Amino acid sequence: AALENAPIGSSMFCLQGSVHLNPVDTQHGQEALTVLSGRHIVLAGNQSSCGSRCTISAGRRSPLFKAAPNASIVFRDLTLVDGNAADPFGEQQGNGGVAYVRVGSLVRFERCTLCNNSATSHGGVVFLEDKASASFEACDLTGNYADGTGGVVAWSQFSRGLQRGTLALVPTADFRNCTLIGNASPRGGVAFVFWNGYLRFRDCAFASNGGDAMGDGGIVKLAGRAPRLEMLNCSIVDSKAYHGVGTVISIEPPEESLGAAHAVLKSTHIRGAAADFAVLLW
């Protein structure tokens with residue numbers, strides 16, 4: 001209640017022990033706690049300022065959080081587990097197991113552990129609407145899953161980002177110094193990037209991420225107009241994809257007259273099953 005009723009502006013909540021979220025009952029079922037527009041919330045479990053590290057769980061009953069348009073949430077030194085966006089008819093439509101990020105909002109994860117979160121649609125951890133962003137710094141992401149796209153993060157397929165030459169912000173996700181193990185989805189075991197979305201990995205380690213028997217894009221699936229990917233100084237081991245093809249990146253050609261996908265890999269090492277047919281161009 002304190003979170004949802006936070007005043008406009010910035011607020012910080014220090015958490016200790018285990019926090020089991022009580023889902024919000026709506027006419028569509030159980031939904032996540034919402035940070036309202038204009039609120040900028042920090043949830044911290046830092047030992048130096050708040051005592052012991054905190055675990056936040058939804059017990060597989062609901063997603064964890066939602067950022068309303070033009071809001072922000074910072075998660076710091078927390079373990080976030082068992083968020084489950086399971087209701088395809090609810091407000092989140094089965095998207096974003098940990099955070100559903102609305103237009104113009106942002107979420108940031110600092111030194112967090114995110115595991116066993118899921119979505120029946122898209123974004124096992126985070127789902128991004130247009131002009132939304134997410135960043136992960138020194139995080140461990142393990143065993144997150146989405147039935148549709150993006151085992152960790154997915155972009156809305158209605159996102160448009162830059163249009164008609166405007167300078168509107170594009171939806172972005174940035175990972176730095178993170179470990180990603182065993183995350184999965186049929187399209188983009190870690191991420192599904194769509195329509196001008198921008199995804200960057202820096203100094204990250206990947207192991208055993210991938211899709212199911214019919215999936216492609218063991219790490220990343222790029223689709224739609226001009227999605228962009230950068231992988232800098234990363235290591236990739238044993239990613240999986242359909243028939244062993246596109247085990248790291250799967251690039252789906254855009255519709256006619258739309259901009260092509262752009263992917264850059266620098267100082268990135270691919271080993272194990274991921275080494276063969278690492279990039280698939282449809």
Side-chain angles (χ1 to χ4, degrees), residues 1-6 10-26 29-36 39-68 71-87 90-92 94-102 105-120 123-128 132-146 150-154 173 175 178-183:
L3 180 64
E4 292 201 307
N5 295 322
S10 299
S11 302
M12 182 170 180
F13 297 86
C14 288
L15 307 174
Q16 299 184 48
S18 296
V19 177
H20 296 276
L21 297 184
N22 293 316
V24 179
D25 291 318
T26 72
Q30 295 181 322
E31 301 289 350
L33 294 179
T34 299
V35 173
L36 299 177
R39 276 69 172 177
H40 307 286
I41 301 296
V42 178
L43 298 176
N46 193 317
Q47 293 183 5
S48 62
S49 60
C50 304
S52 61
R53 187 179 183 93
C54 175
T55 296
I56 300 178
S57 171
R60 311 292 303 162
R61 295 176 298 169
S62 74
L64 292 175
F65 297 95
K66 178 172 64 178
S72 67
I73 313 174
V74 176
F75 301 93
R76 183 175 296 151
D77 298 297
L78 297 170
T79 297
L80 300 153
V81 300
D82 292 335
N84 182 28
D87 185 358
E91 187 174 352
Q92 294 187 202
N95 300 314
V98 171
Y100 185 111
V101 190
R102 296 292 307 277
S105 293
L106 66 90
V107 293
R108 178 173 175 81
F109 300 87
E110 301 173 358
R111 302 180 300 277
C112 289
T113 297
L114 302 104
C115 62
N116 199 37
N117 301 289
S118 61
T120 55
V125 173
V126 169
F127 180 78
L128 298 173
S133 64
S135 64
F136 299 79
E137 175 79 26
C139 292
D140 294 323
L141 300 104
T142 304
N144 302 291
Y145 181 81
V152 171
V153 59
F175 294 76
C178 292
T179 301
L180 301 101
I181 301 173
N183 302 289

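On a predicted model such as this, the values are computed, not experimentally measured, just so you know.
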### Task
Calculate, to the nearest 0.5 Å, the distance between atoms CZ and CZ belonging to Arg111 and Phe136 respectively.
15.0 Å
### Query
If only atom types and distance count, is the side chain of Ser72 paired as donor or acceptor with the main-chain N or O of His40 below 3.5 Å?
no
### Query
Is there a side-chain contact between Phe75 and Leu114 (heavy atoms, below 4.5 Å)?
no
### Summary
Between Pro63 and Ala58 the two heavy atoms that sit nearest each other are O-CB, 4.1 Å
### Query
Do you know which two heavy atoms are closest between Leu64 and Gly83, and how far apart they sit?
CG-CA, 4.0 Å
### Message
With heavy-atom distances below 4.5 Å as the criterion, would you say the side chains of Phe109 and Leu141 are in contact?
### Response
no
### Summary
What one should report as the nearest heavy-atom pair of Asn95 and Tyr100 is O-CD1, 3.6 Å
#### Entry: Contact summary for Gly45 and Leu78, nearest pair of heavy atoms
N-CD2, 3.7 Å
### Query
So Phe65 and Val107, side-chain contact (heavy atoms from CB on, under 4.5 Å) or not? Walk me through it.
CA-CA 10 Å; Phe65 297 95; Val107 293; over 6 Å; no
### Query
Is a side-chain donor or acceptor of Arg60 paired with a backbone partner of Asn116 at a separation under 3.5 angstrom?
yes
### Query
Of the non-hydrogen atoms in Ser133 and Val101, which two are nearest, and what is the gap between them?
O-CG1, 4.2 Å
### Query
Judged by atom type as modelled, is there a donor-acceptor pair below 3.5 Å linking the side chain of Asp140 to the main-chain atoms of Thr113?
no
### Task
Can you measure from CG (Asp82) to OG (Ser62) and round to the nearest 0.5 angstrom?
10.5 Å
#### Entry: Approximate separation, where rounding is to 0.5 Å, of Glu110 CD and Glu137 CD
7.5 Å
### Query
Any donor-acceptor pair under 3.5 Å linking the side chain of Thr120 with the backbone of Ala85?
yes
#### Entry: Residue pair Asn144 / Asn117: nearest heavy atoms and the distance that separates them
OD1-N, 3.0 Å
### Query
Could you state the interatomic distance from OG (Ser105) to CZ (Arg39), rounded to the nearest 0.5 Å?
12.0 Å
#### Entry: Separation between CZ of Arg76 and CG of Leu43, rounded to the nearest 0.5 Å
10.0 Å
